[in-house]
Amino acid sequence: MEASSLPIDSCSKEHQKIYRDWFNIADSDRDGRVTGNDATKFFAMSKLSRQELKQIWAIADSKRQGYLGLKEFIVAMQLISWAQAGHEITFDILKSSADLENIGLPAMEGVDALAAKKDFATNGVHDINGSNHHQVPASAKWFTSKSSKKIPPSAVTSVVDGLKRLYIEKLKPLESTYRFNDFVSPSLTNSDFDAKPMVMLLGQYSTGKTTFIKHLLQCDYPGAHIGPEPTTDRFVVVMSGPDERSIPGNTIAVQADLPFGGLTTFGGAFLSKFECSQMPHPLLDQITFVDTPGVLSGEKQRTQRSYDFTGVISWFAAKCDLILLLFDPHKLDISDEFKRVISCLRGNDDKIRVVLNKAHQVDTQQLMRVYGALMWSLGKVLNTPEVVRVYIGSFNDNQINEADVDQLGQDLFEKEQDDLLKDLLDIPRKACDRRINEFVKRARAAKINAYIVSHLKKEMPSMMGKAKAQQRLIDNLQDEFAKVQREYHLPPGDFPSVEHYREVLNNYNIDKFEKLKPKLVQAVDDMLGYEIPELLKNFRNPYE
């Protein structure tokens, strides 16, 4: 369980107020974050051993962000009190919040003297989520600032802040110079870094995608339609919000605090088939779900959708932390269209999990055959030597009739469901690591894009026959990619789709592209080789 999902309601209002005051003491720069340096000074007043404090920080900062918000700070205080009472500190303590319900305040030597010195009449009071009502995080302003001033290292108070700084100072200049946003992916915004982890559900119609989300939330959400025919005809993002409501796509795409601005490139036809369902829910505080329209069979997919369906799926796949492919025992055939959708997930193979849903509809012997047939079908589509993880179960709220399922099947479904839930609940804990992983992947892609674009520019004649030369380069793009690969010793698997580049290049004049600027590439190499490892070192557990 996440530290932040521990019910702080078990902590009395009176204690919450004291913890809030202590938080303001520990938070030296009043930015709503207690960093490792802040914590080592404040936690020292508990007189606990370094080993105990190391474990307390590891549990409180389970997402490895490198700082504690108010919620996590309260968890740390409760754990300090628990340790002072002579109990052992383990990760299991969070699973039984009953143990922490009646716990008293920790003994913090000298905290009252510090409290007397500090004036707490601040304008913006931190709420329980650790945010500050009147305070926009400083890092949000970095993306809107027109000035080319360098961001001081002292302004970075978390791993994600560090990534934002590196992106603006090192990676974005390379992306802008070689039109990365046109060829590969739109420029990142502040909300892309701060967004909650996302889980996307894909599958043919009526495989139980919407029901699966309902099952996890244990309730309906705004805009959920369920039926045997293709009912979900739009992309629905299910996320946390103050009240239950549906927001249309055009509105979401222009909201700066949501990471969906890049979807405007797919046009109004797509945005009219896109909406956001908001509702208050503890699971949605941790994860955002993306429900997708059922993949149609035959030509209907391409001819009847007025937008680039596979392009949208590909955009979401790059942003998501987990992609669930849903099948049911009676729909194992992978149509050409579904095959095309799965192939557009290329590069995100590590995020894919397969769910064989509605498994109670067949008996154990048939289930064994169905599983074999599914693995055979997937083997032809997912071009990886490894076996993809398949979860088997019936993910809906209807009670399974025990007469229809033998004991073996019942045990299997329960274990598989537990494994899948564990995988999902693990996502927020790994979100920071995933963000770093995606950032490094993007930096490599930006370097390869720079090499390709500058190579094409170099191949253009300086005077005559430019149009012919451009056409020749576009026609022989595969060979040009091979030249770039050999020249810079790059792995062939990292290269983008030739077809996609060819399509984009038809709209550009190659002669207008920039020559290679080694300084920009070197800056990204330094960032990958030295600055990211240094950033992780600065924001690891302060007691290590």
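FYI, the numbering just counts along the sequence from 1.
With rounding to the nearest 0.5 angstrom, the CG atom of Leu536 is 9.5 Å from the CZ atom of Arg64. The CD atom of Glu244 sits 4.5 Å away from atom CE of Met279, with the distance rounded to the nearest 0.5 Å. A distance of 4.0 Å separates CD1 in Ile213 from OH in Tyr221, rounded to the nearest 0.5 Å. For the atom pair OG1 of Thr292 and CG of Leu201, the computed distance is 7.0 Å after rounding to the nearest 0.5 Å. Distance check: Leu326 CG to Leu356 CG gives 9.5 Å after rounding to the nearest 0.5 Å. Note: Phe274 CZ to Thr251 OG1 = 10.5 Å, rounded to the nearest 0.5 Å.
For the residue pair Thr157 / Arg33, a side-chain donor-acceptor distance below 3.5 Å is found, with atom types taken as modelled. With no hydrogens or angles considered, no side-chain donor-acceptor pair links Asp194 and Ser191 at under 3.5 Å. In this structure, a donor-acceptor pair under 3.5 Å is absent between the side chains of Asp192 and Tyr167. Under the 3.5 Å distance criterion, with hydrogens and angles disregarded, no donor-acceptor pair is assigned to the side chains of His281 and Gln286. For the residue pair Asn181 and Ser187, no side-chain donor N or O sits within less than 3.5 Å of a side-chain acceptor on the partner. There is a side-chain donor-acceptor pair under 3.5 Å between Tyr391 and Asp423.
At a threshold of 4.0 Å, the pair Asp321-Lys430 does not count as salt-bridged, since none of the basic side-chain nitrogens sits closer than that to a carboxylate oxygen. The residues Lys319 and Glu438 are annotated as not salt-bridged, no charged nitrogen and carboxylate oxygen being separated by less than 4.0 angstrom. For the pair Arg30 and Asp27, the salt-bridge criterion is not met [side-chain N within less than 4.0 Å of a carboxylate O]. Looking at Asp21 and Lys17, a side-chain N of the basic residue comes within less than 4.0 Å of a carboxylate O on the acidic one, giving a salt bridge.
Proximity of Ser277 to Met239: side-chain heavy atoms (C-beta onward) are nowhere separated by under 4.5 Å. Contact of the Leu105 side chain with the Met77 side chain is not registered, since no non-hydrogen atoms from C-beta on lie closer than 4.5 Å. Taking 4.5 Å as the limit, every side-chain heavy atom of Arg165 sits out of range of all side-chain heavy atoms of Asp161. Looking at heavy atoms from C-beta onward, Ile74 lies out of side-chain contact with Arg20 at the 4.5 angstrom threshold. Side chains of Asp308 and Thr310 form a contact here, defined as non-hydrogen atoms less than 4.5 Å apart. Proximity of Leu322 to Leu424: side-chain heavy atoms (C-beta onward) are separated by under 4.5 Å at one or more points. Put simply, the side chain of Phe439 does not reach to within 4.5 Å of the side chain of Arg435, judged on heavy atoms. Annotation: side chain of Phe539 is in contact with side chain of Val156 (closest heavy-atom distance under 4.5 Å).
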Exercise. Before giving the answer on side-chain contact (heavy atoms from CB on, under 4.5 Å), spell out for Ile247 and Glu275 the whole-Å C-alpha distance, their side-chain angles and the decisive distance to 0.1 Å.
Key: CA-CA 6 Å; Ile247 308 169; Glu275 69 178 42; over 6 Å; no
Practice problem: Evaluate side-chain contact (heavy atoms from CB on, under 4.5 Å) for Leu345 paired with Ile352, printing each intermediate quantity in order. | Solution: CA-CA 9 Å; Leu345 303 175; Ile352 298 173; 3.9 Å; yes
Quiz item: Going through the distances and angles, do Asp291 and Arg234 end up as a salt bridge (charged side-chain N to carboxylate O under 4.0 Å, His left out)?
Solution: CA-CA 8 Å; Asp291 191 8; Arg234 58 195 59 225; over 6 Å; no
Practice problem: Take Val238 and Val236, measure what side-chain contact (heavy atoms from CB on, under 4.5 Å) needs, and give me the verdict at the end. | Solution: CA-CA 6 Å; Val238 187; Val236 182; 4.2 Å; yes
Practice problem: Verify side-chain contact (heavy atoms from CB on, under 4.5 Å) between Lys214 and Asp220, making sure each step is shown before the conclusion. | Solution: CA-CA 6 Å; Lys214 264 186 67 181; Asp220 262 323; 3.1 Å; yes
Quiz prompt | Glu175 and Arg442: CA distance, side-chain angles, deciding distance, salt bridge (charged side-chain N to carboxylate O under 4.0 Å, His left out) verdict | solution = CA-CA 10 Å; Glu175 288 187 3; Arg442 185 183 178 97; 2.8 Å; yes
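A pairwise comparison of heavy atoms in Ala83 and Glu52 identifies CB-OE2, 4.3 Å as the closest pair. Scanning all heavy atoms of the two residues, the minimum distance from Thr35 to Trp57 falls at C-CH2, 4.0 Å. Nearest heavy atoms, Pro242 versus Pro280: O-CG, 3.8 Å. Taking every heavy atom of both residues into account, Leu263 and Leu271 meet most closely at O-CD2, 4.2 Å. Residues Val34 and Ala39 share a closest heavy-atom pair of CG1-N, 3.8 Å. The two atoms that bring Phe260 and Ile252 nearest to each other are CD1-CG2, 3.5 Å, heavy atoms only.
Heavy atoms from other residues, nucleotides or ligands lying under 6.0 Å from NZ of Lys415 number 12 at most. A 6.0 Å sphere centred on CZ of Arg434 holds more than 12 heavy atoms belonging to other residues, nucleotides or ligands.
Lys273 contributes no side-chain N or O that, together with a main-chain N or O of Gly268, makes up a donor-acceptor pair within less than 3.5 Å. In this structure a side-chain-to-backbone donor-acceptor pair under 3.5 Å is present from Lys209 to Gln204. Gln84 contributes a side-chain N or O that, together with a main-chain N or O of Ser46, makes up a donor-acceptor pair within less than 3.5 Å. At distances below 3.5 Å, at least one donor-acceptor pair connects side-chain atoms of Glu416 with backbone N or O atoms of Ile392. Distance alone, capped at 3.5 Å, places no donor-acceptor pair between the Asp61 side chain and the Leu68 backbone.
A distance below 6.0 Å separates the ring centres of Phe327 and Phe338. Aromatic pair Phe270/Phe235: centroids less than 6.0 angstrom apart. Under the 6.0 Å cut-off for aromatic ring centres, Phe73 and Tyr67 do not qualify, their centroids lying 6.0 Å or more apart.
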